[in-house]
**Q** 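Structure incoming, see below.
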Amino acid sequence: MRPTESAAPGLAGDQAAGVVARAMEMAAQRGLDIAVAVVDSAGHLLAFQRDARAFPASVELAIAKARTAAMFRRDTQAMQESLEKGRLSYLALPGALPLAGGVPLVLEGTVVGAVGISGAASGEDAELARKTASVSGGVGESE
């Protein structure tokens, strides 16, 4: 017997590419050289782009921030702030990168993926990720 298809909303490839394009456009307007990754709700990469001037490590960092936001269903800046206040248990979570710049993407009240941004200062990564999520036409930031 075949399992039935889920009616839950998901993030389509063209939506993921649109999120990446918006992030790159906003970064260019601010003069920021970044890498941006969009993952699905399970943390699998759907879309990615790196500005030619972004530092090489930003590639893996952007992907890890997006995966963390998707898997833990929260903004990674909140995780970083908890870590800074002494919640060291975040360091033991497999696959987690509790650094600002990862934000869940929400469609119809469901986390359908996440965006991760790296390459600018931590606060700029976080602000750009939140702004990208909030303007992503039907795919927005979680609360």
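In what follows, residues are counted from 1 in the order of the sequence shown.
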**Q** Compare all side-chain heavy atoms of Q77 with those of R130 and state whether any distance is below 4.5 angstrom.
**A** yes
**Q** Donor-acceptor pair, T76 side chain versus G101 backbone, under 3.5 Å?
**A** yes
**Q** Look up atom CG in L97 and atom OG in S118, then write down how far apart they are to the nearest 0.5 Å.
**A** 8.5 Å
**Q** Have a look at L11 and tell me which of V111, L107, V39, V38 forms a side-chain contact (heavy atoms from CB on, under 4.5 Å) with it.
**A** V38
**Q** Cation over ring, R74 on F72, under 6.0 Å and within 45°?
**A** no
**Q** Can you find a heavy atom in the side chain of F55 that is under 4.5 Å from one in the side chain of D33?
**A** no
**Q** Would you give the length of the straight line joining atom CE of M26 to atom CD1 of I34, rounded to the nearest 0.5 angstrom?
**A** 8.5 Å
**Q** Please answer whether the main-chain N or O of G43 pairs with a side-chain N or O of R67 as donor and acceptor at a distance below 3.5 Å.
**A** yes
**Q** Evaluate the side-chain proximity of T110 to V106: yes if any heavy-atom separation is below 4.5 Å, no if none is.
**A** no
**Q** What's the verdict on side chain to side chain contact (heavy atoms under 4.5 Å, CB included) for E84 and M79, showing C-alpha distance, side-chain angles and the deciding distance?
**A** CA-CA 9 Å; E84 290 168 350; M79 296 175 81; over 6 Å; no
**Q** Under the 3.5 angstrom rule, does the side chain of S58 hit a backbone N or O of A54 as a donor-acceptor pair?
**A** no
**Q** Looking only at heavy atoms, what is the nearest atom pair of A69 and G102, with distance?
**A** CB-C, 3.6 Å
**Q** Looking only at heavy atoms, what is the nearest atom pair of R22 and Q15, with distance?
**A** NH2-O, 4.3 Å
**Q** Counting only N and O atoms by type, is there a donor-acceptor contact under 3.5 Å from the side chain of R73 to the main-chain atoms of A70?
**A** yes
**Q** If the test is side-chain contact (heavy atoms from CB on, under 4.5 Å), which one of L128, L32, D51 qualifies with M24?
**A** D51
**Q** Is there a side-chain contact between R50 and P56, using heavy atoms and a 4.5 Å cut-off?
**A** yes
**Q** Taking all non-hydrogen atoms of both residues, which atom of D125 and which atom of A100 are closest, and how far apart?
**A** CB-O, 4.0 Å
**Q** Give a yes or no on whether a salt bridge exists between K65 and E60, defined as a side-chain N under 4.0 angstrom from a carboxylate O.
**A** no
**Q** Using a 3.5 Å distance criterion without hydrogens, assess whether the side chain of D40 forms a donor-acceptor pair with backbone atoms of G113.
**A** no
**Q** Run the side chain to side chain contact (heavy atoms under 4.5 Å, CB included) check on L83 and L88 step by step: do they pass?
**A** CA-CA 6 Å; L83 181 62; L88 300 180; 4.0 Å; yes
**Q** To the closest 0.5 Å, what do you measure between CD (E127) and NZ (K131)?
**A** 8.5 Å
**Q** Do Y90 and M71 belong together in a cluster built from hydrophobic side chains that touch within less than 4.5 Å?
**A** yes
**Q** Is I63 reachable from I117 through a run of hydrophobic residues whose side-chain heavy atoms are each under 4.5 Å from the next?
**A** no
**Q** Quick check: does any side chain N or O of Q49 sit under 3.5 Å from a backbone N or O of V36, one acting as donor and the other as acceptor?
**A** no
**Q** Ignoring hydrogens and angles, tell me if any N or O in the side chain of T68 forms a donor-acceptor pair with the backbone of A96 under 3.5 Å.
**A** no
**Q** What is the minimum heavy-atom distance between A47 and V20, and which atoms define it?
**A** CB-CG2, 3.6 Å
